[in-house]
*Asks:* 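The following block contains the structure, expressed as structure tokens.
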Protein chains: 2
Amino acid sequence: MKFLLIEDNRELAHAIASRMRIDGHVIEHAENLEDATAFVETGEYDLILLDIMLPDGDGRVFLKKHRAGNLDTPVIILTARSQVSDRIGSLDLGADDYVTKPFDHAELEARCRAVLRRKAGKSQTIFETGGIVFDPVAGVLSVRGENVNLRNRELRLFEVLINAPRQVFSKQKLADRLFSYDEDASENAIEVYIGRLRKHLIPSDLKITTLRGMGYRLDYEG
Amino acid sequence: MKFLLIEDNRELAHAIASRMRIDGHVIEHAENLEDATAFVETGEYDLILLDIMLPDGDGRVFLKKHRAGNLDTPVIILTARSQVSDRIGSLDLGADDYVTKPFDHAELEARCRAVLRRKAGKSQTIFETGGIVFDPVAGVLSVRGENVNLRNRELRLFEVLINAPRQVFSKQKLADRLFSYDEDASENAIEVYIGRLRKHLIPSDLKITTLRGMGYRLDYEG
DNA sequence: GCCAACCTGACATGTACCTGACATGTACCT
DNA sequence: AGGTACATGTCAGGTACATGTCAGGTTGGC
């Protein structure tokens with residue numbers, strides 16, 4: 001997939017871009033509306049990530065023009081938490097979703113996937129294996145029919161793992177995905193979440209395996 | 001579901017369309033009667049949203065022709081509050097419902113759902129679970145046989161929740177559904193409604209669960 | 001046996017949330 | 001118009017819970 005990222009904060013932009021690249025997407029990056037317009041006119045994108053506050057104008061103006069030009073590329077707005085009213089206005093202008101900063105990368109990825117899936121006409125997002133049912137969008141997990149209340153971080157962690165079962169994630173990688181770019185936590189925090197998540201999964205056939213010095217992996221069958 | 005939106009105010013049209021798209025519907029948009037006629041002749045729609053005042057004529061004329069052509073696609077009229085008499089005439093012409101501007105998106109969605117359900121033969125619009133009976137269209141809730149007077153906002157909130165029980169709604173998402181595009185309220189407002197709604201539900205087996213940092217969820221069984 | 005990596009119960013902390021009370025506006029009645 | 005009643009959103013103070021850290025225990029590798 002090819003994404004266009006319109007964001008003037010370079011640090012944040014790099015953080016997003018590198019994460020997306022890890023997922024195998026191609027990212028092009030514009031720092032202002034002028035560049036963004038040029039990009040859109042010359043290239044095809046599957047998704048646009050748009051900041052509201054930009055040095056040469058309001059992102060919503062760009063969005064409005066974009067939609068007026070009959071382009072239906074999905075747009076996800078990146079907005080600061082304080083700009084609450086922006087949010088509402090943005091949806092009205094034709095944005096497909098919005099994410100408030102600071103955000104978890106996992107959340108951004110989830111929303112990107114959801115929007116792309118919606119555009120593709122598919123709607124099912126639910127995982128159903130090894131005695132569990134998990135809907136990351138609704139935020140619902142049930143183990144052996146019993147509903148489990150995952151806390152925010154546990155949920156995000158589980159989503160990362162179940163999206164790539166049998167893959168090894170280092171603690172560093174998990175931390176990058178769970179914490180937004182301005183948060184900072186020790187690696188021990190990850191160990192704690194893994195422990196808490198394991199408890200929830202005990203009745204199921206899913207198991208988180210520790211690979212010493214390498215990381216964690218989600219496995220089927222106890 | 002595929003909807004046709006006939007509305008000449010672009011800002012409003014975009015607002016409606018984007019909300020509907022988030023719900024997973026496909027929206028096509030005509031700005032005048034000529035385009036609308038072309039759309040209807042070439043496509044199948046599950047629902048038509050029709051503005052009365054259009055640049056090239058009266059929406060009711062379109063409605064009349066549409067019904068004369070033996071097409072039974074449900075039609076919901078969008079009308080300004082001042083045009084009260086219009087409303088009455090529209091129902092006689094075969095509209096299935098009407099919504100007066102300005103309207104909450106939640107209200108529009110509710111009426112869309114209601115009309116679609118009615119057309120699908122499931123004339124049941126009434127929820128009956130866990131000791132409550134709820135008719136969202138009439139706006140009547142009774143808990144354990146006792147009639148409860150829900151206020152407008154409480155009603156809308158309850159409708160959102162009961163339409164997707166066990167699903168988690170963030171405060172932002174609820175706010176977006178409860179407030180129309182030009183309103184703006186703090187997230188605390190949502191907390192207050194949740195609290196008020198909870199009080200009403202105490203005698204029933206329905207319960208609103210708080211998921212810290214994530215949102216709220218309607219659960220069955222106290 | 002020793003060190004490092006990992007696990008885990010318990011706790012401090014901030015923050016998300018709750019709630020009673022109030023200010024404001026809107027609808028309805030006369 | 002004027003008044004009353006009610007719905008609605010804000011605020012402040014209090015509470016409870018998610019979260020990350022720590023310390024001491026456990027495991028695994030060498």
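What you are looking at is a predicted structure, and each value in this text was computed from that prediction instead of being measured. So that the names make sense, note that chain A is the first sequence line, chain B the second, and so on, each numbered from 1.
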*Asks:* Sort out the partner of D:dT19 for me: Watson-Crick or G-U wobble, both distances under 3.5 Å, none otherwise.
*Replies:* C:dA12

*Asks:* Ignoring hydrogens and angles, tell me if any N or O in the side chain of B:Arg198 forms a donor-acceptor pair with the backbone of B:Ile208 under 3.5 Å.
*Replies:*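 Present.
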
*Asks:* Return the nearest nucleotide to the side chain of A:Ala185; candidates are D:dT19, D:dT21, C:dC18.
*Replies:* D:dT21

*Asks:* Quick one: on DNA chain D, does B:Ala189 or B:Leu211 contact a more 5' nucleotide (nearest heavy atom)?
*Replies:*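 Nearer the 5' end of the strand: B:Ala189.
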
*Asks:* What is the distance, to the nearest angstrom, from the CZ atom on A:Arg156 to the C1' atom on D:dT19?
*Replies:* 14 Å

*Asks:* Starting at CG of A:Leu201, measure out to CG of A:Leu141 and round the result to the nearest 0.5 Å.
*Replies:* 7.0 Å

*Asks:* Considering just the side-chain nitrogens and oxygens of B:Lys199, establish if one lies under 4.0 Å of OP1 or OP2 belonging to C:dG20.
*Replies:*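 So the side-chain polar atoms of B:Lys199 do come within 4.0 Å of the phosphate oxygens OP1 or OP2 of C:dG20, strictly under.
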
*Asks:* Measure across B:Val168 and B:Met214 and return the closest heavy-atom pair with its distance rounded to 0.1 Å.
*Replies:* CG1-O, 4.0 Å

*Asks:* What is the distance from CG of A:Asn149 to P of D:dA18, rounded to the nearest Å?
*Replies:* 9 Å

*Asks:* So which one's nearest nucleotide on DNA chain C is more toward 5', A:Val192 or B:Glu191?
*Replies:*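 Closest to the 5' end, via its nearest nucleotide, is A:Val192.
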
*Asks:* Among C:dG14, C:dC18, D:dT27, find the nucleotide with the atom closest to the side chain of B:Arg212.
*Replies:*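 My answer, after comparing the listed nucleotides, is C:dG14.
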
*Asks:* Can you tell me how far P of D:dC17 sits from CG of A:Leu150, to the nearest Å?
*Replies:* 17 Å

*Asks:* Nearest of D:dA23, D:dT10, D:dT8 to any side-chain atom of B:Arg151?
*Replies:*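 Nearest listed nucleotide: D:dT8.
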
*Asks:* Provide the closest heavy-atom pair for A:Ser142 versus A:Asn147 in the form atom of the first, atom of the second, distance.
*Replies:* CB-OD1, 3.5 Å

*Asks:* Does C:dT30 have a Watson-Crick or wobble partner in any strand here, with both distances under 3.5 angstrom, and which is it?
*Replies:* D:dA1

*Asks:* Provide, to the nearest angstrom, the distance between the CZ atom belonging to A:Phe179 and the P atom belonging to D:dA18.
*Replies:*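 Taking atom P of D:dA18 as the reference, CZ of A:Phe179 is at 16 Å.
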
*Asks:* Does the structure show a Watson-Crick or G-U wobble partner for D:dG29, both distances under 3.5 Å? Name it, or say none.
*Replies:* C:dC2

*Asks:* So, is B:Thr210 close to the C:dC17 phosphate, meaning a side-chain N or O under 4.0 Å from OP1 or OP2?
*Replies:* no

*Asks:* Can you name the closest pair of heavy atoms from B:Leu54 and B:Asp8 and give their distance?
*Replies:* CD2-N, 3.9 Å

*Asks:* Taking CD1 from A:Ile194 and P from C:dG9, how many angstroms apart are they, rounded to a whole number?
*Replies:* 16 Å

*Asks:* Could you tell me how far apart B:Leu197 (CG) and C:dT19 (C1') are, to the nearest whole angstrom?
*Replies:*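 Roughly 15 Å, once rounded to whole Å.
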
*Asks:* Can you find an N or O donor on one side and an acceptor on the other, under 3.5 Å apart, linking the side chain of B:Asn188 with the base of C:dT19?
*Replies:*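 Pair found.
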
*Asks:* Can you tell me the distance, in whole Å, between the CD1 atom of B:Ile202 and the C1' atom of C:dC18?
*Replies:* 13 Å

*Asks:* Tell me the interatomic distance from A:Tyr216, atom OH, to C:dC6, atom P, rounded to whole angstroms.
*Replies:*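 A:Tyr216 atom OH is separated from C:dC6 atom P by 6 Å.
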
*Asks:* Once you apply a heavy-atom cut-off of 4.0 Å, does A:Arg196 come out as touching a base, just sugar-phosphate, or nothing?
*Replies:* base

